[in-house]
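Notes for the one structure printed next.
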Amino acid sequence: MQNNAILINILRFILLVFIQVLLLNHINFLGYINPYIYILFILLYPLSGNKGLLIFLSFLLGFSIDIFGDSGGVHAAASVFIAYIRPWILKFSFGISYEHNNIKLYKTSLAQQFTYIVAMVFLHHIILFSLEIFNLSHILLIIKSTLFSGIFSIILLMSILILFSRKN
Amino acid sequence: MQQIIFFFIRNKNFLLFGLLFLISVYFTVQTHTYHNGKYVSSANFLSGNVFSAKSNVTGYFGLEDENKRLTEENILLRTELENLKSIANPSTLDSTVLPSGYIFRSARIINNTYSKSKNYLTLKKGKEDSIKIDMGVISSKGIIGIVNATSKNFSTVQSILNTDSQINARLKKSNHFGTLVWDTKNPNRVQLIDIPRLAPVKMGDTIITGGKSTIFPEGILIGTVEEFNLDGDANYYDLQVKLFNDMTSLKHVYLIENTNKEEILQLENEVEDAE
């Protein structure tokens, strides 16, 4: 069971990186809107898993996206940030006792999942675009990109969660 | 001592987070400064090969357009060749035709971005094909960017659609020159700033490279004037330039090497040192 979980996470990591860099980075909806769904790895990482490991893996994940996208370290920074902040977001969306109750993400209510994803996506995107644009005089562009890309990402992430949720 | 160790154990997640976050920000800042030997670029073994595998597949999708473009270019080259033939006089050929000083190489684009504020292209040619940093990149229709990193088999190009790019350009009709920049708003439109107010600017005027740098030869096409206003102090024009190139659908490019570049730079350095 434990080995199985490790294998699933490794496969998810690789698959998400390839989908992101080969497909989703080239959508450019309305000129600049791209969804960033690779953070699904961070969202689905076992809720009671090792936090230090998650932070390190998130760095590797973001860094792989950066290497393919020539974006320096913006994805790495944003991913590391949401990986670090994840326990607080989990507490906020699933209640204080999520750790003791051994909650599975698939078994929570849709509203709770939605809160969790929205919070993570917007935190990730605001850091991502602030660092990428790196200019306070373009603050409107940062907010616009965060909002539109964020909505796109949230729709995709929710669809993926609903499609692939295991009912057993 | 024990206290310090406990502190580290208690805050190990935060310290790990802080460290990795700082590394990421360092890499980010580094990409914002041009000419600073990048460590992280898509010109590396792994991403280069992944992108070229992808480009092998997607390369077939635009073949019709690509063919049309090549035929157009052939026609252009043929007319130029005919013009040259009629001018050239066999008796003066040997003594008056100087070597042009520029070497052209072709390359295939395997990755192209145009939706970010700092855009780069990846080419499937690198150091082994004698691609060097600071070579100019153009397509048959006009200017594209400047090589900013190379690896053995791949290289990345800082596109003109990058807020760090500043390229010398001028009006084709008069010799007034300015700087070409990009405001991130539209991938088909760039801005030419610092054109003096005296310059006779009209809608539809052609903009070409100025030849004041050692990267691009003079007269490479850029675009046409679509809109122009005086800037805040009313001393300079800001022109909106519509690019001839469609930056969103590029497949093949030419790289320009200036064979006199080192000599020119050396001379300029000597003059600067002497002052």
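So you know, we letter chains A, B, ... as the sequences are listed, proteins then strands, and number each from 1. Hydrogens, waters and symmetry mates play no part in the numbers below; they use all other heavy atoms, side chains included.
- Counting heavy-atom pairs under 4.5 Å between each of A/Leu131, A/Ile133, A/Ile55, A/Asn25 and chain B puts A/Ile55 at the top.
- Atoms NE2 and OG, on A/His138 and B/Ser117 in that order, are 8.0 Å from each other to the nearest 0.5 Å.
- Side-chain contact check for A/Tyr84 and B/Asn13: no donor-acceptor pair (N or O, by modelled atom type) lies under 3.5 Å.
- We find the NE2-OG distance between A/His75 and B/Ser24 to be 11.5 Å, quoted to the nearest 0.5 Å.
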Do A/Phe59 and B/Phe21 pass the ring-ring contact (aromatic ring centres under 6.0 Å, His included) test, and can you show the C-alpha distance, the side-chain angles, and the key distance before you say yes or no? CA-CA 8 Å; A/Phe59 177 75; B/Phe21 194 78; over 10 Å; no
Any chance you could lay out the side chain to side chain contact (heavy atoms under 4.5 Å, CB included) test for B/Lys54 and A/His26, step after step, and finish with the verdict? CA-CA 12 Å; B/Lys54 178 196 141 205; A/His26 302 282; 3.3 Å; yes
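- In this structure, the portion of B/Phe51 lying under 4.5 Å from any heavy atom of chain A is its side chain and not its backbone.
- Interface residue A/Phe18: only side-chain heavy atoms are found under 4.5 Å from chain B.
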Would you tabulate the side-chain donor-acceptor contacts of residues 140-148 of chain A under 3.5 Å, counting partners in other chains and residues two or more places apart, or write 'none'?
unit_1, atom_1, unit_2, atom_2, d
A/Ser145, OG, A/Leu141, O, 2.8
A/Thr146, OG1, A/Ile142, O, 2.6

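- A distance of 12.0 Å separates CZ of B/Phe27 from OG of A/Ser71, quoted to the nearest 0.5 Å.
- For B/Thr184, the part lying under 4.5 angstrom from a heavy atom of chain A is the side chain only.
- Residue A/Phe92 places its CZ atom among 12 or fewer non-hydrogen atoms of other residues, nucleotides or ligands, all under 6.0 Å distant.
- Partners of B/Ile109 by side-chain contact (heavy atoms from CB on, under 4.5 Å), not counting sequence neighbours, listed by chain and number: B/Asn112, B/Leu121, B/Leu123, B/Leu250, B/Val253.
- Environment of CZ in A/Phe114: sparse, with no more than 12 heavy atoms of neighbouring residues, nucleotides or ligands closer than 6.0 Å.
- The number of heavy-atom neighbours closer than 6.0 Å to CZ of B/Phe244, taken from other residues, nucleotides and ligands shown, is above 12.
- A side-chain donor-acceptor contact under 3.5 Å links B/Lys116 to the backbone of A/Gly69.
- Among the candidates A/Asn34, A/Val80, A/Val21, the residue making the largest number of heavy-atom pairs closer than 4.5 Å to chain B is A/Val80.
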Go through the steps to decide whether A/Asp70 and B/Thr122 satisfy the test side chain to side chain contact (heavy atoms under 4.5 Å, CB included), and finish with yes or no. CA-CA 9 Å; A/Asp70 275 309; B/Thr122 313; 3.9 Å; yes
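- For the atom pair OH of B/Tyr114 and CG of A/Asn28, the computed distance is 4.5 Å after rounding to the nearest 0.5 Å.
- For B/Phe228, the CZ atom is densely surrounded, since the number of other residues' heavy atoms within 6.0 Å is greater than 12.
- Checking side-chain atoms of B/Thr28 against main-chain N and O of A/Gly73 turns up a donor-acceptor pair under 3.5 Å.
- Once rounded to the nearest 0.5 Å, the distance linking OG1 of B/Thr113 with CZ of A/Phe68 reads 14.5 Å.
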